[in-house]
Amino acid sequence: MSTFIDLYNYWIFIFLMMVGFYIVISQGNLVKKIIGLNIFQTAVFLLYISMGKVKGGTAPIIMAGDVSYSNPLPHVLILTAIVVGVATTALAMALIIRIRKAYGTIEEQDIHEQDASL
Amino acid sequence: MISSHLPVLQVVLPLIAAPLCLLLRRSSLLWILSFAASLAAMIIAWLLLQQAGSSGVISYTIGGWAAPWGIEYRIDTLNAYVLLIVTSISTVVLLAAKKSIEQEIPQQHWPMFYSSYLLCLTGLLGITATGDAFNVFVFLEISSLSSYALISLGRDRRALTASYQYLVMGTIGATFILIGIGLLYMLTGTLNMHDLAQRLPAVAQSKTLLSAFAFLFVGISLKLALFPLHLWLPNAYTYSPSIVSAFLAGTATKVAVYVLLRFIFTVFGADYAFSVLPLTEILMLLAVAAIMFASISAIYQSNIKRLFAYSSVAQLGYIILGIGFLSVSGLTATLLHLFNHALMKAALFMALACVLYRQGDVMFSNVKGLGKTMPWTFMAIVLGGLSLVGVPLTVGFISKWYLVVAAIEQGHFVLVAIILFGSLLALVYVWRLVEQGYFHNSEEDHPRQEAPLSLLIPTWMLVLANIYLGIDTSLTIGAAEQAAQMLLGQAGGGSP
Amino acid sequence: MKHSLLLTALLVLFWLALSGHYVAFTLILGVLSIALVMWLNRKMHISDEKVMPPLLLLRLPRYWAWLLLEIIKSNIHVAIKIWQPRLDIQPQFKKIPSPWKRDVTRVVHANSITLTPGTVTVMVDKDTLLVHSLTDETMQALESPEMKEQLEKLERFQ
Amino acid sequence: MINIILLGFLAVVAIAVAMMRDLFAIVMLFGIYSLLTAGIFVSLDAVDVAFTEAAVGAGISTILILSTLALTSREEKQPTHSFLLPLLVVLVTGATLVYGTLDMPAFSDPEAPVHQHVAPHYLNQAEQETGVPNIVTAVLASYRSYDTMGEVTVIFTAGIAVLLLLSAFRHHEDEASNLNDLSHHPVLRYIARLMIPFILLFALYVQFHGDYGPGGGFQAGVIFAAGFILYGLVVGIDKTRQMFSESKLHWLMASGLLLYIGVGIVSLLLGGEFLNYNVFAADPLKGQHWGIFLVELGVGITVTATMISVFLAFSEVRRSE
Amino acid sequence: MWDILVSYCSDALLITGSFLSLTFAIGLLRFPDFYTRMHAAGVSDTLCAGLIVLGLVLQAGISLVTLKLLFILLFLWFTSPTASFALARAAHRAGYRVSEQEEVASSNS
Amino acid sequence: MILAVTAIALLVAMALTLVRALLGPSIFDRILAVNTFGTKIVLFLGVYGFLTNRPDFLDIALVYALINFISTLAVLRFFESGQLVMPKDKESR
């Protein structure tokens, strides 16, 4: 039982990850895929951040007094990862606009049909 | 003084050139700057290989912070070898790039194109040079993002969807890698690969470690286009501009293979990787499937770029097969083929760039009678193809030879048969090309119209390298064997 | 000019409130930052608008106090409506006059209406506002002479 | 406890996103998702990360997706292909992770290995070694500054990629309709003009106070860009473009990255390792201070310029062929 | 004595603020169409936000935090009605009318 | 204590807002919910800062207070310029 509570946090992240991942691989709409990708990535970010949490700790900005701090390293890593996520999203959106211009649709299936009919 | 900073300069030099490219207005300077940066990187890689060969591991602490706290560059023979592959392919490709780019890419995009190209190079070099697991992820994303942009520049609209598909799969792969790295960090509290290697044996029993390994393996396999996760590769190589195809085919997947090797052998240790999971069987199964499936697919393609893209998937099968043997000759075969495949694919895609330059497309119909109209180009394609088949006196033969030796050593005679059968399949698709080129005449009577020399010479440089290194093997085999021994030496978990 | 000075003063106050580190280095950065913002402001033609609304608003504490009272009153009104077991609301659109010479008065008018619960400005036209109201009462409050009076004072204020 | 509730909300939103068809609604829900994530980050002590999420979520990502929808279409079609295979893949992935969790250290356990090895050094030494009380900034801009350089490069790369993709599709001057801004709304115009100076100043504060509190170059860059995005939305894209011509933006994008690399090169020339700030001054702490300051400035410049040019690129795409 | 008074005041403000925030959230659910919900939601945050922020201000005492809190409140009071107005206008322009049925309205929104 | 109560009240209010966002029915209801949610998060962050004795984290609340309304303006802009209507209409433009 105690494992359940100890790991509950992780399991929610895993659930989120799965939902995001499912959206990416099952949906045909290009924009929605990217949103799924974002959810997937955010879940991973949460996983990292939660492993840095220390019980009774506080944010790793040094204050006066005897305080315990949470682990700063995951925060640094995830800062970078968020930036990478934004960059990927921006690029993907630009690609989607171009695809829409070239094909007139942003549904994967329609695109496949158009390509196949060539 | 400079020599001690080589590891970081290796990556930083092309990186500086990238924003400078954006600022340059004169297009002739653009090419000169890019080429110079790439050439300098190649020279540095060469020097690093010498240094690593003589003094073992070169460690460079960035920012002056000692290893597990700061980021460390750790160059050994393996890194340096891969760095040399990447930089030399990039340099030769750039040498040819000018004409092809002038034709395929609108002028307003040149600064950004060269910038992206250099960023891609930077990313690939950064992945290879670093000794920090998270740093791998960051540079992986640099190279990925820039390659999405490069691929999308293809003139066919399918380049866009290819790029999108690659983006989605690549990001999934990168996120899997991120999960894997996160789990490793969770177990050990460190991100430095060397430090990880020393701390992981203590937690070898952990289920978390196993799932970290699974995520890293799948994530890297996505980037590596290991069968059946290769779906992004054929489209990406087919529709991107020809220079980009040549560059990516020669470098991107090779670096991914390197990352796989690094994680399996250095971080997890061969003992762990091969004892906990039936990795030998998994790798061999996937490799055989890749060889068979992709080679057969290649035979049925009508677009020649696509044909060679499928052949790349098959060749990656050979590369992976070598890892599965877990022996010096197997790994040597892997590393040799890493180099050799980069050489032949870059040569082939550059020859295709020549064809594209004159014909505007690379369908089978464009090749008809090419043996007469573009004899040198077509000769390059044929020689590259023969190297792909593994005909003696080409580099392809050397790596296949080592692979067969490794298979025989361990008594896997079925695999020997499969390797030979794979070569046979390769012979079939290369023969289809030869037949079109020499024994069919083009419908229209094209005058003899060879590709411009600036494209042809770099192509032939690669073709000749294919042959020269197939005859004088001391250079590549030496480095490959050294690296393979080093990897297996680490298999015991000890430090080199 | 007067407005630029006032805006600068506000920005200085904002910086001091945020910073909390009053050493030479951050103070210099603060001065540079404010200078940069003011420069960009000028480039964006933000403060050469004839009347700067923030400054006008800040010079009208009486209006603020009156508005605050109105907000509280209507908050209570709407809160009661929400808790009533049976919904007793009369949602309606209405155009109300807003005959102000200056845009800024109309902006204040419109935003004040929106700020008070129960009424929302939907459209701002030349001299009318289209308002949506939750109940008859809230609508009546808008048309009360009191609001007009307050706004007239605002209009005269320079 | 609080984060468990917030996580529950998050799960609900994620499911809703998966089930909805209206992309516009999905984007809005995604906005809530981002807000919740920021809340969770704060409750897990990751204030810097929450700050980033807040800046990105409120300032740029929603607007980018909205612009994309405006240029494409709103409704998603009903997918017709089978959902079994994806479901299987997802379940296998999830199962692998759940299996992995079984041996994980308990959540927020101070004895977990993550808190034992590298991190204590940062927490105990970083302030003495770098003079920065915000450990996240210290690690980000000094210990792992090379990663951060990679991060700026990623942003730069994405900026170039977006320009490569979209710049050929810019509308011409005469096509610019007066409808694409909100300048005829007095309310919006006044409020935007009132807010912009404060947004910009706040961004600069975030830029320069990353040492002491949450924030730093990246967040500052995004907020600064958000100020101009607001300007562009309300006053007009054309006016914003007049302020930031393409070449000026290119120049800014490149100069931020070059500044970052330049700091590394200078430290190399002064005899230290790449990005070793200690060599900048006789007193290593002073050197660190300058190094971190310059590097963060580089990040801020590149991020601002990239975000603005990405926004402009998206806004200027011709709608009709 | 003063301290106790202040802390009571702060508590009272916070409690009222919380109560209002709940009230308007319920209104958001209960009201029948978009415009009426609008009255319940975004706009009313102004008072509820004001009360809670003032409650916090009293807790913080006179310090920089106070100023920061007041700035937050100020900005909320400027941006929140603006956003509401923008939203109402967008809805109105898109043809969303109260008189029409919900389904019709949402389909042509 | 009172702070905790306030935080919980805000969480409940968030939950109710979330329900509205999920139910819709019109897109504007959802945007409205997002907006309200933003204000709630601002307040929550403020209260949480005091709850954990780190009121210096108000900066995050300040970010939202300053820039969260921009995306709502963006929505209006796209409606004004007729970009966010049904795809059919757009083709004919």
Side-chain angles (χ1 to χ4, degrees), chain C residues 4 7-8 10-21 23 25-49 51-58 98 100 102-114 121 123-126 129, chain D residues 131-134 182-215 220 223-225 227-232 234-236 239-245 248 286 289-290 292-293 296-297 300-301 304 308:
Chain C
S4 295
L7 182 60
T8 314
L10 263 179
L11 288 177
V12 169
L13 184 69
F14 188 46
W15 180 272
L16 292 178
L18 289 170
S19 167
H21 284 269
V23 292
F25 190 70
T26 52
L27 285 177
I28 292 170
L29 286 176
V31 171
L32 291 177
S33 303
I34 290 167
L36 176 66
V37 170
M38 289 308 291
W39 179 71
L40 285 171
N41 238 357
R42 270 193 45 177
K43 270 199 80 175
M44 287 194 275
H45 304 291
I46 285 185
S47 36
D48 55 352
E49 195 77 23
V51 192
M52 272 304 287
L55 317 171
L56 187 75
L57 287 180
L58 287 176
S98 176
W100 316 113
R102 290 187 295 160
D103 267 354
V104 63
T105 324
R106 202 167 300 117
V107 171
V108 174
H109 191 182
N111 260 12
S112 306
I113 289 174
T114 313
T121 313
M123 297 266 253
V124 180
D125 284 327
K126 216 168 158 43
L129 302 175
Chain D
V132 175
N134 183 355
L182 303 171
S183 53
H184 53 287
H185 288 302
V187 175
L188 305 184
R189 199 172 65 224
Y190 273 106
I191 298 298
R193 289 184 169 189
L194 162 64
M195 296 302 291
I196 287 171
F198 290 94
I199 295 177
L200 296 184
L201 188 67
F202 181 70
L204 290 168
Y205 153 76
V206 173
Q207 170 79 51
F208 298 130
H209 287 72
D211 292 8
Y212 312 108
I223 298 171
F224 206 78
F228 287 103
I229 290 175
L230 176 59
Y231 182 75
V234 172
V235 180
K239 289 234 175 65
T240 320
R241 179 55 92 186
Q242 276 165 25
M243 291 189 66
F244 295 101
S245 65
K248 200 190 269 178
K286 275 249 166 57
H289 183 244
W290 278 109
I292 291 173
F293 174 77
E296 290 269 17
L297 195 63
I301 293 171
T304 307
I308 293 175

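Each chain gets a letter, A, B and so on, in the order its sequence line appears, and its residues count up from 1.
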Heavy-atom pair of closest approach, residues C:Leu7 and D:Pro197:
CD2-CG, 4.2 Å
Residue among D:Leu201, D:Val187, D:Val206, D:Thr240 with most heavy-atom pairs under 4.5 Å to chain C
D:Leu201
Who wins among C:Leu18, C:Leu32, C:Leu36 for the most heavy-atom pairs under 4.5 Å with chain D?
C:Leu18
Residue list, side chain to side chain contact (heavy atoms under 4.5 Å, CB included) with D:His289, at least two apart or on another chain
C:Phe25, D:Asp211
Spatial distance of atom CG (C:Leu29) from atom CD (D:Gln207) [nearest 0.5 Å]:
9.5 Å
Under 30°, 30 to 60°, or over 60°: which ring-plane class applies to D:Tyr212 and C:His21, parallel, tilted or perpendicular?
parallel
One should read off an interatomic distance between C:Ile28 CD1 and D:Phe208 CZ, to the nearest 0.5 angstrom, of 11.5 Å
Checking C:Ile34, C:Leu11, C:Leu40 against D:Leu200 for side chain to side chain contact (heavy atoms under 4.5 Å, CB included), the one that qualifies is C:Leu40
Quick one: which of D:Phe293, D:Tyr205, D:Phe202 has the most heavy-atom pairs under 4.5 Å with chain C, could you say?
D:Tyr205
Chain D: which of C:Gly20, C:Ala110, C:Ser19, C:Gly30 shares the most heavy-atom pairs with it under 4.5 Å?
C:Ser19
Residues, nucleotides or ligands: over 12 heavy atoms within 6.0 Å of D:Lys286 NZ:
no
Any donor-acceptor N/O pair, D:Tyr231 side chain to C:Met44 backbone, under 3.5 Å
yes
Does the pair C:Val108 and D:Tyr190 meet the rule for a side-chain contact (heavy atoms from CB on, under 4.5 Å), with working shown?
CA-CA 10 Å; C:Val108 174; D:Tyr190 273 106; over 6 Å; no
